[in-house]
Amino acid sequence: MIAYLSGKLVFKDPTYVIIDVGGIGYQVKISLQTYSKIKDEEAIRLLTFLHIKEDAHTLYGFKEESEKRLFLLLISINGVGPNTGLMILSSLSTEEIEHAILSGDVATIQAVKGIGVKTAQRIILELKDKVGKSGSADLHTPLGFLKTSNKIREEALQALITLGFPKALAEKNITLILKKTNGEISLEDLIKASLKTP
C-alpha cells in the first residue's frame, strides 16, 4: 500500500524514525541495520511495509531493498511476526542471516531473543531456496566508534526496552558489554551485543 516514504527526517532513534512528508509526520519502525545506514541525513527515503491489525496500523522502514526483501521473507514464516522480523534484522546483518539460512546454522538464528529451536528450523527450511538469489551484498557499515557517554548508554537502554527487554536485564547486559569494550563501542554495536547476551 505504501511502498516508500520520502521526506524530512524529523526524529531518529535506534528503533524508529519520524519522517515529515508534506507536513504529515509518519512514525516508522526500523532495525539497527537501517539505523546505522541513515546517519544524520536531513532528507530521507525509506522503503516501507504497512502492517495492518485490528488495533494498529504500523509502518516498518528499510534503507536497502535487500533488507526489506529479507524482512518480507521472514514474516511469511508461520510464527514470525513483523516485530520478530525486525528483532532478527537488528540482531544480525542481512548477510549473517542469509549465510545462517543457507548453511543451516540453527544456533545463530536461535540466538535472537524470542526465537525458539522450532522457529529457527522453520526459517531455515522454508527460506533456504529463497534467499541469496538476488545476491544482496550491501556491506555492514559500522557507525564511527564513539567514546561511550551516558547518552549512548541511555539510548541503548531505551532501544532494548522498546524491543521488549526487561529494564533490569537490559541494564545488566549494557554494563557487561561496556566493561568488556572499555566503553569504546558504537551505539549500534552496543545494542547488537546486548541483544545477543544471554
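Quick caveat, the model's predicted, so the values are computed rather than measured. Scope of the values below: all heavy atoms of this structure, side chains included, with no hydrogens, waters or symmetry mates.
The closest side-chain heavy-atom distance from L190 to S194 is below 4.5 Å. Put simply, the side chain of L195 reaches to within 4.5 Å of the side chain of M87, judged on heavy atoms. T162 is listed as a side-chain neighbour of Q158, based on a closest heavy-atom distance under 4.5 Å. Taking the side chain as every heavy atom from C-beta outward, T58 and P82 never approach each other to under 4.5 Å.
Taken from OG1 in T119 to CD1 in I109, the straight-line distance is 10.5 Å, to the nearest 0.5 Å. Note: L86 CG to T34 OG1 = 8.0 Å, rounded to the nearest 0.5 Å. In this structure, CD1 in I115 is found 10.0 Å from CZ in R122, a value given to the nearest 0.5 Å. Note: I97 CD1 to I124 CD1 = 11.5 Å, rounded to the nearest 0.5 Å. Rounding to the nearest 0.5 angstrom, the gap separating the CD1 atom in I191 from the CG atom in L160 is 6.0 Å. The distance from atom CG of L9 to atom CZ of R45, rounded to the nearest 0.5 Å, is 15.5 Å.
Of the listed residues (T15, D13, L46), just one forms a side-chain contact (heavy atoms from CB on, under 4.5 Å) with I30, and that residue is L46.
Stacking of K113 on the aromatic ring of F165 is recorded, both the 6.0 Å distance cut-off and the 45° axial limit being met.
Crowding of K118 atom NZ: a count of heavy atoms from other residues, nucleotides or ligands under 6.0 Å not exceeding 12.
Within the 3.5 Å criterion, the main-chain N or O of Y35 finds no donor-acceptor partner in the side chain of K63.
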Output, in order, the C-alpha distance, side-chain angles, deciding distance and verdict of side-chain hydrogen bond (donor to acceptor under 3.5 Å, both in side chains) for K29 and N83. CA-CA 9 Å; K29 285 190 166 194; N83 288 334; 3.1 Å; yes
Check the pair E67 / S31 against side-chain hydrogen bond (donor to acceptor under 3.5 Å, both in side chains), numbers first and verdict last. CA-CA 9 Å; E67 189 191 2; S31 71; 2.4 Å; yes
Residues T108, E96; criterion side chain to side chain contact (heavy atoms under 4.5 Å, CB included); working and verdict: CA-CA 9 Å; T108 295; E96 286 170 330; 5.6 Å; no
CA sep, side-chain torsions, deciding dist, call: T175, R153, side-chain hydrogen bond (donor to acceptor under 3.5 Å, both in side chains): CA-CA 9 Å; T175 305; R153 179 189 280 273; 3.3 Å; yes
Kindly indicate, with the supporting measurements, whether the criterion side-chain hydrogen bond (donor to acceptor under 3.5 Å, both in side chains) is fulfilled by T94 and Q33. CA-CA 8 Å; T94 301; Q33 283 191 52; 2.8 Å; yes
Should F71 and I88 be marked as a side chain to side chain contact (heavy atoms under 4.5 Å, CB included) after you check the CA-CA gap, both sets of side-chain angles, and the distance that decides it? CA-CA 9 Å; F71 173 81; I88 296 169; over 6 Å; no
Would you sort out whether I152 and I185 count as a side chain to side chain contact (heavy atoms under 4.5 Å, CB included), showing the intermediate values? CA-CA 9 Å; I152 282 189; I185 188 167; 5.7 Å; no
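A chain of hydrophobic side-chain contacts below 4.5 Å, direct or via other Ile, Leu, Val, Met, Phe, Trp or Tyr residues, connects F62 to I2. By the rule that hydrophobic residues join a cluster once side-chain heavy atoms approach within less than 4.5 Å of another member, I18 and L47 end up as members of separate clusters. Hydrophobic clustering of Ile, Leu, Val, Met, Phe, Trp and Tyr side chains at less than 4.5 Å, counting indirect connections, unites L74 with L50. Under a hydrophobic-cluster definition in which Ile, Leu, Val, Met, Phe, Trp and Tyr are linked whenever side-chain heavy atoms come within less than 4.5 Å, directly or via other members, L163 and L176 are assigned to different clusters. Cluster annotation: V10 and I44 are assigned to distinct hydrophobic clusters (Ile/Leu/Val/Met/Phe/Trp/Tyr, side-chain heavy-atom contacts under 4.5 Å, transitive).
Here the closest non-hydrogen pair linking S90 and L32 is OG-N, 3.1 Å. Scanning all heavy atoms of the two residues, the minimum distance from A156 to L187 falls at N-CD1, 3.6 Å. The minimum heavy-atom distance linking H57 with K53 is given by the pair CD2-O, 4.1 Å.
Between Y16 and F11, a ring centre-to-centre spacing shorter than 6.0 Å is recorded.
Note on ring orientation: taking the six-membered ring where Trp is involved, the planes of Y60 and H51 are perpendicular (angle over 60°, cut-offs 30° and 60°).
A salt bridge links E188 with K192: the closest approach of a Lys/Arg side-chain nitrogen to an acidic carboxylate oxygen falls below 4.0 angstrom.
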